[in-house]
Structure formats: C-alpha cells, structure tokens
Undergrad: 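This structure is in structure tokens; I'll ask about it shortly.
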Amino acid sequence: MVTGAKKDKLYEEAIKEQFSMDRKSVFENALDQFNKAAEILELSEDQKAILRQPQRITEVSLPVRMDDSSIRVFKGYRVQHSKARGPAKGGVRFHHDVSLDEVKALAFWMTFKCAVVGIPMGGGKGGVICDPRDLSEGEMERLSRRYFAELSDMFGPDSDVPAPDVNTNPNVMGWFVDTYSMRKGGWYPGVVTGKPLEIGGSLGRITATAQGVTYCVQNAVNELGIELEGATVAIQGFGNAGSNAAVLLDELGAKVVAISDVEGAFVSDEGIDVTAAVDHVLKHRSLKGFDSHANVTKLDDAMKLLEWDVDILVPAALENQITEENADRVQAKVIAEAANGPCTPEADQILADKGIFMIPDILANAGGVTVSYFEWVQNRMGYYWDLERVKEDLKRYMDAAFESVLV
Ligand code: NAD
C-alpha cells in the first residue's frame, strides 16, 4: 500500500504530468517572445509593464440545459489584453484543453497581430472548456448563447468584437450576434465577425486566414528563390485554416504531400488529392479513414508530419507542436505558422539556427483578423464589398505587413 509522503509525491507527480507544470505555460512562452522583441525595440519599462498583463480577465460559469434535461455547468473565459489601438478583437475557442493561461496568451498575440497588419483594433480572446464532439447542435446553441449573454457587458462593436476560432464557426457567430441583439433590443452586426453572409458576414472571410497564409508563403518563396509550382507542402490540422491553405496552395501548383488532423497524419509522395480530402472531411467530419484513398499512407506517429521532408511546413492546429524536442528534426525550408503559437521560443531559436525561414503567427495567420476588420467596417457602413475588393485589400495589407516584418 502506498501511504503518507510517498503517496503525496506520486499524487504530485501525476498532477505535474497532467498539467505539465514543469513545462512553461503558453502565456509564459508568449512573455518570453515579447521580452525578446521588447529588447530589440528598446521599449521603456513602463511600456513593457503595461503590455505584460491583460487589461481585463473574466471567468464565467455557464449552466446549460442538456438534451437529457440535466444541467451541465461549463467554464468560459474572455480576456481583453489591450484596447489601446481600438476594440479588442479575437476569436472564441471551444475545446476541452482551453485554460485561462491559453486564452491569456492568445489574447496577448492578438494585440501584436492587429498592430502588425495595421488595423485599429486591440487584442482579445475567449474560450469555453468543452468538447463539441460530445454536444448536439441544440446543446452547442444553448452553450454559445449562454456564453455570449453572460459576457455581453464586455462585448460590443466599440469594445470587444469576437470571431471564430477552433471549433467555432459562422453558425456560432450567428447565435452570438442574435443573443447580443436580443439583449440590446436592436440589430448589432458589428459585435461579431465571421458571421454567415446572410446576416452581415463578409465575402472572403471563411478563406481569409488561409489566403493570408498563402500570400505570405508566396512572398517567402520569392525571397528565397524557390519555385512555388512543384514545391512540397505538409500541413498539420485540416480545419478552416489548414484545409483552405491546402486548397489555395494546391491551386497555385504546390504539391501537398502530408496532411493531418486530430485523427492522424496522411502522406502521399504523389501528392494528396486535396479536393478528395476536403470532400472526405465534409462527409466524415475528419480525415479518419482517408488512407483508403490510393497512394495514401497513415503515419504511425502523427507528429512525424512536422519532420517530413518538404519545402513548406504549415502548422495549422494548436500551440506548442514544435518544441526543443523535435525542432532539430524539422526539414522544411519555410514554416508558415497558420496556428497560433505552434512553435515554442526554444524551438524558434533552434529553427532560426538551422536557417529555416519562419513566417510567425502574428503575420502568417493575420489574414483572418484583417478580413474580420473589413467585415466590421462593412457592418458599420452598411455597405458591402465584392469579393474582388476584399481579396485586393487583403493582399495589400498582407504584402505591406510582410515587407515591414522582413529582416
Ligand atoms: P478548426 O477547428 O477549423 O481546425 C482545427 C484542426 O486541427 C482540425 O482539423 C483538428 O482535427 C486539427 N487538430 C486538432 N488537434 C490536432 C493535433 N493534435 N494534431 C493534428 N491536428 C489537430 O480550427 P482553425 O480555425 O483552422 O484554427 C486552427 C489554428 O489556426 C488555431 O491555432 C487558430 O487559433 C489558428 N487561427 C485560425 C484562424 C481562423 O480564422 N480560423 C485565424 C487565425 C488563427
């Protein structure tokens, strides 16, 4: 029998492992990156002190009636990191791994992302601890509405404007805007972006993040003198950011040879049939079983996708995927961080030492927030742009941002 101090130690170790307490948190990683940048930019102590902490943090408990009539209480967060440049802007994530630490880091990065693309917005982020795979559509709707109602004093077109993130989509944004408008007794489309087109969404928003990633990749390969036509690509994560990046890069002639999602990683030397992969996910909700397609193999270890011998690697899933443990084995020439924080600061250093051309998240995935900003502008004008204008303006913003970040 295990008793006393030994029991305590085992318990402590189990907790440590479960919560990775011996590893740095995502927010600590974000602060490390900030400290390095602040040194280069010679920010004053006052500036650093203001930027190191979020402006406002709210935690809410969300009682939701489940389909079986029981009540389940979910935990949700909204963090406004900085509103110095305008209303807080940032998505809402529904995921079982959501934590306050993660939401703080994501809100922090949003402040700098908005500044990199030069839009008049600050940094915010939200999250709810849940696994949407366990929820029916009705439960998702009740949870989404409860979250927005509970936090409606924080949200507003002039104060905090959320958008989709992992596991939230235009439908969820529709529930958000409707909940807010019902409470305020009016119609406030500018309180949320990433809405369905019919209720004030912007053309080009769904593919905006991937489009921005693609513009950055085009600029990067031009810089390096690599031909995009025929260049090999690996993409981790096959949701909004990853799958659309696969489609756009494939359309430009790049050869997508590895893709993955939560169900595993799939590779093909001949090149993945991207249209078939997108159809597969539409039909089956994930890439599970995609290795039934000709010339496609499933990897035993999905993380090996990050080490695949490709020209371009697009991490488009979650944080902390490339760390000091695997960074040295990365073979890509260019990394485009479609996900937020996929590489730890320690990995960044190793990748830089290897001469890998890094397009950081606050630039690479800024296309999403840029078109969100266009959507917010259109909502406030009540005048809607055609797709051509959205794409042209996005390219102009992304190219200028790429140029300003390039060293
Ligand atoms: P999504 O929910 O549409 O897709 C996430 C994808 O990642 C899914 O295919 C999921 O199966 C996969 N995934 C989850 N865990 C994984 C794992 N361990 N290994 C491999 N794949 C895994 O989410 P999204 O909107 O595409 O967001 C992905 C990333 O891009 C996030 O970091 C998000 O913050 C970032 N991002 C998204 C947008 C946007 O507009 N959607 C904008 C900026 C940044």
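Numbering of ligands and ligand atoms starts at 1, following listing order. Values below: all heavy atoms of this structure, side chains included; hydrogens, waters and symmetry mates excluded. On a predicted model such as this, the values are computed, not experimentally measured, just so you know.
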Undergrad: Would you call Arg205 a ligand 1 contact, heavy-atom distance under 4.0 Å?
TA: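 Judged by the 4.0 Å heavy-atom criterion, Arg205 does count as contacting ligand 1.
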Undergrad: Between Glu102 and Arg93, does at least one N-O distance fall below 4.0 Å, as a salt bridge requires?
TA: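 Arg93 and Glu102: salt-bridged.
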Undergrad: Determine whether the side chains of Asp399 and Asn219 contain a donor N or O and an acceptor N or O closer than 3.5 Å.
TA: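 Note: Asp399 and Asn219 side chains meet the donor-acceptor criterion.
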Undergrad: Could you find the nearest protein heavy atom to atom 42 (C) of ligand 1 and give me its residue, atom name and distance?
TA: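 Checking every protein heavy atom, the shortest distance to atom 42 (C) of ligand 1 gives Thr209 OG1, 3.2 Å.
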Undergrad: If you measure from each heavy atom of Ala316 to ligand 1, is any distance below 4.0 Å?
TA: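 For ligand 1, residue contact (heavy atoms, under 4.0 Å) with Ala316 is present.
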Undergrad: Answer yes or no: does an N/O atom from Gly239 fall short of 3.5 Å to an N/O atom of ligand 1?
TA: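 It does: an N or O of Gly239 is found under 3.5 Å from an N or O of ligand 1.
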Undergrad: In sequence, state the C-alpha distance, the side-chain angles, and the governing distance for Tyr180 and Phe155, and then conclude on ring-ring contact (aromatic ring centres under 6.0 Å, His included).
TA: CA-CA 8 Å; Tyr180 185 84; Phe155 296 132; 7.7 Å; no
Undergrad: Is there any side chain to side chain donor-acceptor pair (under 3.5 Å) pair reaching into residues 357-369, and which pairs are they, with sequence neighbours excluded?
TA: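 For residues 357-369: Lys113-Asn365, Asn340-Asn365.
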Undergrad: When you measure from atom 15 (N) of ligand 1 to every protein heavy atom, which one gives the shortest distance, and what is it?
TA: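 Here the closest protein heavy atom is Leu318 CD1, 3.6 Å.
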Undergrad: Of all the non-hydrogen atoms in the protein, which one sits nearest to atom 9 (O) of ligand 1, and at what distance?
TA: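 Scanning the protein heavy atoms, the shortest distance from atom 9 (O) of ligand 1 goes to Phe238 N, 3.0 Å.
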Undergrad: Pull out every atom of ligand 1 sitting under 4.0 Å from any heavy atom of Asp165, numbered as shown with elements.
TA: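 Listed by number with element, the hits are 33 (C), 34 (O).
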Undergrad: So, is Ser260 polar-close to ligand 1, with some N/O to N/O distance under 3.5 Å?
TA: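 No, since none of the N or O atoms of Ser260 sits under 3.5 Å from an N or O of ligand 1.
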Undergrad: Hey, looking at atom 24 (P) of ligand 1, which of Ala241, Gly212, Ala364 has the closest heavy atom?
TA: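 Closest candidate by heavy-atom distance is Ala241.
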Undergrad: Please name all residues satisfying salt bridge (Lys or Arg N to Asp or Glu O under 4.0 Å) with Glu251, sequence neighbours left out, ordered by chain then number.
TA: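 With neighbours one apart ignored, the set is empty.
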Undergrad: Below a 4.0 angstrom heavy-atom separation, can you tell me which part of Glu319, side chain or backbone, both or neither, approaches ligand 1?
TA: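 No part of Glu319 comes within reach of ligand 1.
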Undergrad: Provide the number and element of each atom of ligand 1 under 4.0 Å from a heavy atom of Ala339.
TA: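 The list of qualifying atoms is 29 (C), 30 (O), 32 (O), 35 (C).
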Undergrad: With a 4.5 Å cut-off on side-chain heavy atoms, are Arg205 and Lys195 touching?
TA: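 SC-SC contact between Lys195 and Arg205 ruled out.
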Undergrad: Arg93 heavy atoms, cut-off 4.0 Å: which ligand 1 atoms fall inside?
TA: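 Per the distance check, 31 (C), 32 (O), 33 (C), 34 (O).
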Undergrad: Got the closest protein heavy atom to atom 2 (O) of ligand 1, with its distance?
TA: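 Protein heavy atom with the smallest distance to atom 2 (O) of ligand 1: Asn167 N, 3.1 Å.
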Undergrad: Just to confirm my output: which protein heavy-atom neighbour is closest to atom 10 (C) of ligand 1, and how far is it?
TA: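 It is Val262 N, 4.0 Å.
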Undergrad: Using a 4.0 Å heavy-atom cut-off, which part of Asn240 comes near ligand 1: side chain, backbone, both, or neither?
TA: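 The part of Asn240 near ligand 1 is both the backbone and the side chain.
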Undergrad: Closest non-hydrogen protein atom to atom 27 (O) of ligand 1, residue and atom name please, with distance?
TA: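 Nearest neighbour among protein heavy atoms for atom 27 (O) of ligand 1, to 0.1 Å: Val166 CG2, 3.8 Å.
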Undergrad: I want to know if ligand 1 touches Lys113 in the polar sense, i.e. an N/O pair below 3.5 angstrom.
TA: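 Checking ligand 1 against Lys113, no N or O pair falls under 3.5 Å apart.
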Undergrad: Salt bridge or not between Arg142 and Asp67? Use side-chain N to carboxylate O under 4.0 Å.
TA: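 Answer for the salt bridge query: yes.
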Undergrad: Which heavy atom of Leu224 sits nearest to which heavy atom of Lys333, and what is that distance?
TA: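 So the minimum-distance heavy-atom pair works out to CD1-O, 4.4 Å.
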Undergrad: Evaluate Asp178 against Arg145 for salt bridge (charged side-chain N to carboxylate O under 4.0 Å, His left out), listing each step before the verdict.
TA: CA-CA 8 Å; Asp178 186 50; Arg145 286 184 179 278; 2.9 Å; yes
Undergrad: Provide, to 0.1 Å, the distance between atom 35 (C) of ligand 1 and the closest protein heavy atom, together with that atom's residue and name.
TA: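 In this structure, atom 35 (C) of ligand 1 has Ala338 O, 3.6 Å as its nearest protein heavy atom.
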Undergrad: So Phe374 and Trp385, would you call those rings parallel, tilted or perpendicular, with 30° and 60° as cut-offs?
TA: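 It falls in the tilted class, 30° to 60°.
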Undergrad: Relative to each other, are the rings of His284 and His280 parallel, tilted or perpendicular (30° and 60° limits)?
TA: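 Geometry flag for His280 against His284: tilted rings.
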Undergrad: Under 4.0 Å from ligand 1, counting heavy atoms only, is it the side chain of Glu263, its backbone, both or neither?
TA: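 Neither; nothing of Glu263 gets under 4.0 Å from ligand 1.
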Undergrad: Which of the numbered atoms in ligand 1 are under 4.0 angstrom from any heavy atom belonging to Gln236?
TA: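 Those of ligand 1 that fall under 4.0 Å from Gln236 are 19 (N), 20 (C).
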Undergrad: Answer yes if the ring centres of Tyr147 and Phe74 are under 6.0 angstrom apart, and no otherwise.
TA: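 No, too far apart.
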Undergrad: I'd like to know if Arg389 and Asp386 make a salt bridge, using a cut-off of under 4.0 Å between side-chain N and carboxylate O.
TA: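 No, Arg389 and Asp386 are not salt-bridged.
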Undergrad: Students should be able to answer this: which protein heavy-atom is nearest to atom 31 (C) of ligand 1, and at what distance?
TA: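 Closest protein heavy atom to atom 31 (C) of ligand 1: Ala317 O, 3.2 Å.
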